[in-house]
There are 2 protein chains.
Amino acid sequence: MILSTKGRYGVKAAFDLALRFGEGPVPLKNIAERQNISDPYLEQIIAVLRKDGLVSSVRGAQGGYFLSKDPKRITVGDIIRSLEGPLAPSECVLDDQDNECIRADYCVTRIIWEKIKESIDDVINSISLQDMVDDYKRIGNNYLDTKGEDNSDQTSIS
Amino acid sequence: MILSTKGRYGVKAAFDLALRFGEGPVPLKNIAERQNISDPYLEQIIAVLRKDGLVSSVRGAQGGYFLSKDPKRITVGDIIRSLEGPLAPSECVLDDQDNECIRADYCVTRIIWEKIKESIDDVINSISLQDMVDDYKRIGNNYLDTKGEDNSDQTSIS
DNA sequence: GGAATTCCTACTAAATAACTAGGGATTAGG
DNA sequence: CCTAATCCCTAGTTATTTAGTAGGAATTCC
């Protein structure tokens with residue numbers, strides 16, 4: 001799997017927050033329940049997003065989390081990179097210069113790794129959280145609107 | 001890293017064989033030396049490619065490996081899928097139907113995983129081993145033509 | 001004050017990655 | 001037929017990562 005549960009859960013949690021953007025802080029417990037993730041594990045995940053400035057928090061009772069910016073201005077790539085680091089197929093196409101391999105100019109396989117990386121980045125950078133919300137509303141489903149009264153088979157981890 | 005060393009070494013080895021396609025069996029030792037991979041580890045990798053019918057072998061002295069098909073007809077995707085399995089970002093977009101998640105129709109994140117998978121597949125399926133050989137010759141380098149006499153700094157793992 | 005919440009650190013079991021080790025089977029060439 | 005070169009196969013090993021769990025301290029609303 002290219003993405004670990006961290007990245008996948010992170011995107012789901014971010015989407016959950018995007019759906020409720022502007023409605024005040026959302027308790028982690030609610031997100032975890034709706035997205036079917038264990039509370040303390042999601043806690044760790046969301047802590048990373050917070051440190052990277054993507055999510056903000058309010059402590060104490062009635063507290064919770066919310067997106068730091070408008071969902072239009074946060075991409076899926078922002079979330080994934082925060083949690084997984086850059087999605088490079090190989091070390092030699094990471095963005096930092098320390099990983100420049102010696103034969104970069106000559107390396108034939110490197111050309112391929114670069115193409116893969118570019119195509120992934122194109123996809124994840126082009127999708128904002130707002131796009132996900134729009135998709136969700138367009139599809140017209142409401143499986144997350146029912147607040148806990150019908151979570152019988154929320155087994156989809158995706 | 002999206003690709004493990006298996007996939008990366010596999011592509012390098014396959015490229016090495018493509019460069020020498022039609023010249024008879026190439027001993028694994030030579031490939032390992034040129035590509036800077038440990039012999040027994042490369043052995044395991046190439047065994048998988050052989051089982052998947054991408055590479056053939058001749059046993060005994062003067063034996064070795066060669067591509068089962070013309071390099072034009074083997075893609076980088078064939079090699080990678082053989083060694084790494086399908087490059088899916090998440091379970092729910094694997095090709096086999098067992099992994100269909102229950103809420104597939106509704107799952108918003110799934111749309112993203114599908115787009116990522118498609119874009120990766122597009123890239124790796126569109127590049128043949130012959131394309132790599134052509135690239136290599138076009139660039140005009142020859143760092144692998146010197147048969148072992150100058151392998152001082154072959155540290156590029158890429 | 002008490003309940004709800006975030007915040008933080010440490011631990012752990014299982015899986016995976018990236019090899020290494022050792023030897024058996026096969027074949028070309030002398 | 002002998003020997004060296006080579007493929008073939010199984011098993012072990014070490015380190016890292018993954019996917020959590022455990023427990024409690026700090027903060028804030030009511």
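Every chain is numbered from 1, with letters handed out A, B, ... down the list of sequences.
- Closest approach to the Leu28(B) side chain among dT6(C), dT20(C), dC7(D) is made by dC7(D) (side chain taken as heavy atoms from C-beta onward).
- Straight-line distance from the CG atom of Asp39(B) to the C1' atom of dC7(D): 12 Å, rounded to whole Å.
- As a whole-Å value, the separation of Leu42(A) CG from dG20(D) P is 11 Å.
- Per the geometry, CD belonging to Gln44(B) stands 10 Å off C1' belonging to dA11(D), to the nearest Å.
- The residue from Asp78(B), Leu67(B), Asp70(B), Leu19(B) that alone fulfils the side-chain contact (heavy atoms from CB on, under 4.5 Å) condition with Leu129(B) is Leu67(B).
- When the nucleotides dT28(D), dA18(C), dC8(C) are ranked by their closest atom to the side chain of Ala61(A), dT28(D) comes out on top.
- Between the side chains of Asp122(B) and Ser119(B), no donor-acceptor pair of N or O atoms lies under 3.5 Å.
- Separating the CD1 atom of Ile2(A) from the P atom of dT16(C) is a distance of 16 Å, rounded to the nearest angstrom.
- For the pair Phe66(A) CZ and dT6(C) P, the interatomic distance rounds to 12 Å; values are reported in whole Å.
- Atoms CZ (Arg8(B)) and P (dA17(C)) sit 12 Å apart, rounded to a whole Å.
- Taking only side-chain nitrogens and oxygens, Ser38(A) comes nearer than 4.0 Å to OP1 or OP2 of dT21(D).
- The CD1-P distance, from Ile45(B) to dC7(D), rounds to 14 Å in whole Å.
- Separating the OH atom of Tyr9(B) from the C1' atom of dT20(C) is a distance of 14 Å, rounded to the nearest angstrom.
- Relative to the side chain of Ser57(B), the nucleotides dT6(C), dG20(D), dC8(D) differ in distance, and dC8(D) lies closest.
- Between Thr5(A) and dA19(D), a side-chain N or O to OP1/OP2 separation shorter than 4.0 Å is present.
- Only one option out of Ile79(A), Leu17(A), Val55(A), Leu49(A) pairs with Ile74(A) in a side-chain contact (heavy atoms from CB on, under 4.5 Å); it is Ile79(A).
- Using a cutoff of 4.0 Å between basic side-chain nitrogens and carboxylate oxygens, Arg20(B) and Asp16(B) are scored as salt-bridged.
- You'll find that the side chain of Arg59(A) is closest to dA25(D), out of dA25(D), dC9(D), dT27(C).
- In the displayed structure, Lys72(A) atom NZ is contacted under 6.0 Å by at most 12 heavy atoms of other residues, nucleotides or ligands.
- For Tyr41(A), the listed nucleotide lying nearest its side chain is dT21(D); candidates were dT21(D), dT20(C), dC7(C).
- Distances shown here put every side-chain N or O of Ser4(B) at or beyond 4.0 Å from the OP1 or OP2 atom of dT16(C).
- When each of Glu43(A) and Val58(A) is assigned the nucleotide of DNA chain D bearing its nearest heavy atom, the one mapping closer to the 5' terminus is Glu43(A).
- Closest approach to the Gln62(B) side chain among dG29(C), dC7(D), dT21(D) is made by dG29(C) (side chain taken as heavy atoms from C-beta onward).
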